[in-house]
Amino acid sequence: MQKETSLYGLRAILEAIEANKSIDKVFLQKGLRGELFSQLEHSVRKRGINCSYVPIEKLNRLTPNNHQGAVAHIAPIAFYELDALVSAVKETKENPLFLILDQLSDVRNFGAIIRTAECTGVDGIIVQKSGSAPINGDTIKTSAGAVFNIPICKVDHIKDAIFYFQASEIKVIAATEKTDQTLYEVDFKAATAIVMGSEGKGVSPSVLKLVDNKAKLPMYGSIASLNVSVACGAFLYEVVRQRHSSSLKE
């Protein structure tokens, strides 16, 4: 099983970024200063790389080596460009299915969603560059290796992806409790992109304003919500059910 590759040291990470390596996340030491550190910060911001400022103790746990206040993870996969992926999928499939993850931050939930997405025929997963869960060893393990079988795109902003899907005649449906409509009342047979929200906040209000439709899972217990990976599985298998039933009728 492949694992993420860690880089440490200010210049090593800066050179990796400038060499267009697929950097998944950078950890920088809080309060650190210096010219090289400033160059690295600028490069990270310019490329929109996911970044966290952490205490030195966190960096020491990430690597026993002389990190100089910076550790980075190189993603074990190559990310796709959204426009190229959508164009390629539409050439071969009439009703593509995409998944948009809005600020999902837990790597195990991410891995579980990737696994279910691969099993249900999802054509690609879209995440935001900043604030999203990285693809690391835990993600790979939880996905049972599915992360190597499904295209994943990183975009600057989720909103841009939504606009692109809508312009490409792919309707965008948000999974949210902020609607009276259940997923069983929504037509998933056409080209669709489903938006799943973060573990704590769900789909962000600004994203909900842009989507074409909203749907929720019916809840009958005393707990008001499901784990996001479980909810995602329910939505994806409703898509499978509708499309399978439709193909049988044809």
Subject >> Tyr80, OH: over 12 other non-hydrogen atoms inside 6.0 angstrom >> reply: no
Original post:
Is Leu101 linked to Leu236 within one hydrophobic cluster, defined over Ile, Leu, Val, Met, Phe, Trp and Tyr using a side-chain heavy-atom separation of less than 4.5 Å?
Top reply: yes
Original post:
If you draw a 6.0 Å radius around CZ in Arg47, do more than 12 non-hydrogen atoms from other residues or ligands fall strictly inside?
Top reply: yes
Distance-only criterion, 3.5 Å: show the donor-acceptor pairs between side-chain atoms of residues 81-91 and protein atoms not counting sequence neighbours.
{"unit_1": "Ser87", "atom_1": "OG", "unit_2": "Asp83", "atom_2": "O", "d": "2.9"}
{"unit_1": "Lys90", "atom_1": "NZ", "unit_2": "Ser168", "atom_2": "O", "d": "2.6"}

**OP:** State, to 0.1 Å, how close Asn50 and Gly131 come at their nearest heavy-atom pair, and which atoms those are.
**Re:** OD1-N, 3.3 Å
Subject >> Residue pairs, two or more places apart or on separate chains, that pass salt bridge (Lys or Arg N to Asp or Glu O under 4.0 Å) and touch residues 161-171 >> reply: none
**OP:** Evaluate side-chain contact (heavy atoms from CB on, under 4.5 Å) for Ser22 paired with Phe79, printing each intermediate quantity in order.
**Re:** CA-CA 8 Å; Ser22 185; Phe79 294 101; 3.2 Å; yes
Subject >> Side-chain donor or acceptor of Gln242 paired with backbone N/O of Val186 under 3.5 Å >> reply: yes
Subject >> Exam field: side chain His67 to backbone Gly69, donor-acceptor pair closer than 3.5 Å >> reply: yes
Original post:
Could you walk me through whether Phe165 and Thr192 pass the side-chain contact (heavy atoms from CB on, under 4.5 Å) check?
Top reply: CA-CA 9 Å; Phe165 280 128; Thr192 302; over 6 Å; no
**OP:** Using modelled atom types only, decide if a donor and an acceptor are shared between the side chain of Thr120 and the backbone of Thr116 within a distance under 3.5 Å.
**Re:** yes
Subject >> Minimum side-chain heavy-atom gap Phe235-Lys216 below 4.5 Å >> reply: no
**OP:** Indicate whether any N or O donor in one side chain lies under 3.5 Å from an N or O acceptor in the other, for Ser38 and Glu35.
**Re:** no
Original post:
Out of curiosity, does Ile194 fall in the hydrophobic cluster containing Val230 (side-chain heavy atoms, cut-off under 4.5 Å, transitive links)?
Top reply: yes
**OP:** Nearest 0.5 Å please: distance from the OG1 atom of Thr182 over to the CD atom of Glu238.
**Re:** 8.0 Å
Original post:
Which heavy atom of Ile170 sits nearest a heavy atom of Ala193, and at what distance?
Top reply: CG2-N, 3.7 Å
**OP:** Would you list the pairs meeting salt bridge (Lys or Arg N to Asp or Glu O under 4.0 Å) in which at least one residue belongs to residues 113-130, sequence neighbours left out?
**Re:** Lys93-Asp123, Lys129-Asp156
**OP:** Following the transitive rule for hydrophobic clusters with a side-chain heavy-atom cut-off under 4.5 Å over Ile, Leu, Val, Met, Phe, Trp and Tyr, establish whether Ile125 and Met196 coincide in one cluster.
**Re:** yes
Subject >> Exceeds 12 heavy-atom contacts within 6.0 angstrom, atom OH of Tyr53 >> reply: yes
**OP:** Using modelled atom types only, decide if a donor and an acceptor are shared between the side chain of Asp24 and the backbone of His73 within a distance under 3.5 Å.
**Re:** no
Expected list for residues 107-114: side-chain donor-acceptor pairs under 3.5 angstrom, two or more places apart:
{"unit_1": "Asn109", "atom_1": "OD1", "unit_2": "Asn227", "atom_2": "ND2", "d": "3.1"}
{"unit_1": "Asn109", "atom_1": "ND2", "unit_2": "Glu199", "atom_2": "OE2", "d": "3.4"}

Original post:
When rounded to the nearest 0.5 angstrom, what is the spacing between CD in Glu15 and CD1 in Ile17?
Top reply: 11.0 Å
**OP:** Enter the distance from Ile152:CD1 to Ile126:CD1 here, rounded to the nearest 0.5 Å.
**Re:** 9.5 Å
**OP:** Among residues two or more places apart or on two chains, list those pairs meeting side-chain hydrogen bond (donor to acceptor under 3.5 Å, both in side chains) that have a residue in residues 94-103.
**Re:** Asp102-Ser204
Would you list the atom pairs, donor with acceptor, under 3.5 Å between side chains in residues 25-34 and any protein atom, with sequence neighbours excluded?
{"unit_1": "Lys25", "atom_1": "NZ", "unit_2": "Ser52", "atom_2": "OG", "d": "3.2"}

Original post:
So, does Arg243 use its side chain to make a donor-acceptor pair with the main chain of Ala190 at under 3.5 Å?
Top reply: yes
Subject >> Test item: Cys153 and Val127 side chains (from C-beta on) under 4.5 Å apart, heavy atoms >> reply: no
